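Some notes on the structure that comes next.
All ligand and atom numbering here is 1-based and tracks the order in the structure. It should be emphasised that the depicted structure is a prediction, and the values quoted were computed from it without experimental measurement.
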Amino acid sequence: MTLLVTWADTDPDTALVQTTDTDEIIRQLDKIGIAFDQWDAAADLAPGASTDDVLAAYRDQVDKLIADHGFTVVDVAQLQPSDEPSWPDVAAGARAKFLEEHTHGEDEVRFFVRGSGVFYLHLDGHVHAVRCEAGDLLSVPALTTHWFDMGTAPNFAAIRFFLNEDGWVGEFTGDPLASRFADFDTLATWS
Ligand SMILES: [Fe+2]
């Protein structure tokens, strides 16, 4: 279930907001300038569905977002557990890539098609964790300090929208803040 948790950035033990109410999540995120929306995720896409199949399933919504914002590149990022011997290394490597606080030169726009992942937004002395699930569209504004946790067993598919092919390269802040807050696996037990 989609979840929002907010803490003071100095107090990871005290949740100031904890809600799974969609309207409340939209309201709370709107207050801090974060665009969040839910699309009908009725499309039944199997793990490993091709990029073309995923985009075809959401063609109307994807086209509208492109028309509204001028995205030039749209692709699908996905991971699902595998029996391949390389899977633990693949999973750990993918998770580590954006697990520390960073920014991007353009908005980070993601629509979750399957599974889940948690975005942590660090804004105005607070950390806001948004657990996105199928149907959730989140836009992290350019230059917003944030990190992303896909957990120790990544299992998700998300459509990614870019203005520039190289605009999403992470600029890491070096702040170890991320390690102090409840991670994806911990939040999996929260509701
Ligand atoms: Fe990012």
Item checked: Q28, CD atom: more than 12 neighbouring heavy atoms under 6.0 Å ->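 Yes, enclosed.
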
Check: Should the heavy atoms of other residues, nucleotides or ligands under 6.0 Å from CG of D124 be counted, would the total exceed 12?
Finding: no

Margin query: Using a 3.5 Å distance criterion without hydrogens, assess whether the side chain of T145 forms a donor-acceptor pair with backbone atoms of H122.
Written below: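 At least one qualifying donor-acceptor pair exists.
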
Item checked: Lys/Arg-Asp/Glu bridge criterion (N-O < 4.0 Å) met for R59, D63 -> yes

Check: Below 4.0 angstrom, N of the basic side chain to O of the carboxylate: do R95 and D183 qualify?
Finding: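 The answer is yes: the pair qualifies as a salt bridge.
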
Note to self: Listing by chain and number, which protein N, O or S atoms are under 2.8 Å from the Fe ion (ligand 1)?
What the structure shows: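 Near the Fe ion (ligand 1), the protein supplies H102 NE2, H104 NE2, E108 OE1, H146 NE2.
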
Next item on the list: Sequence neighbours left out, what passes side-chain hydrogen bond (donor to acceptor under 3.5 Å, both in side chains) with D30? Give chain and number order.
Entry: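 For D30 there are no side-chain hydrogen bond (donor to acceptor under 3.5 Å, both in side chains) partners, ignoring immediate neighbours.
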
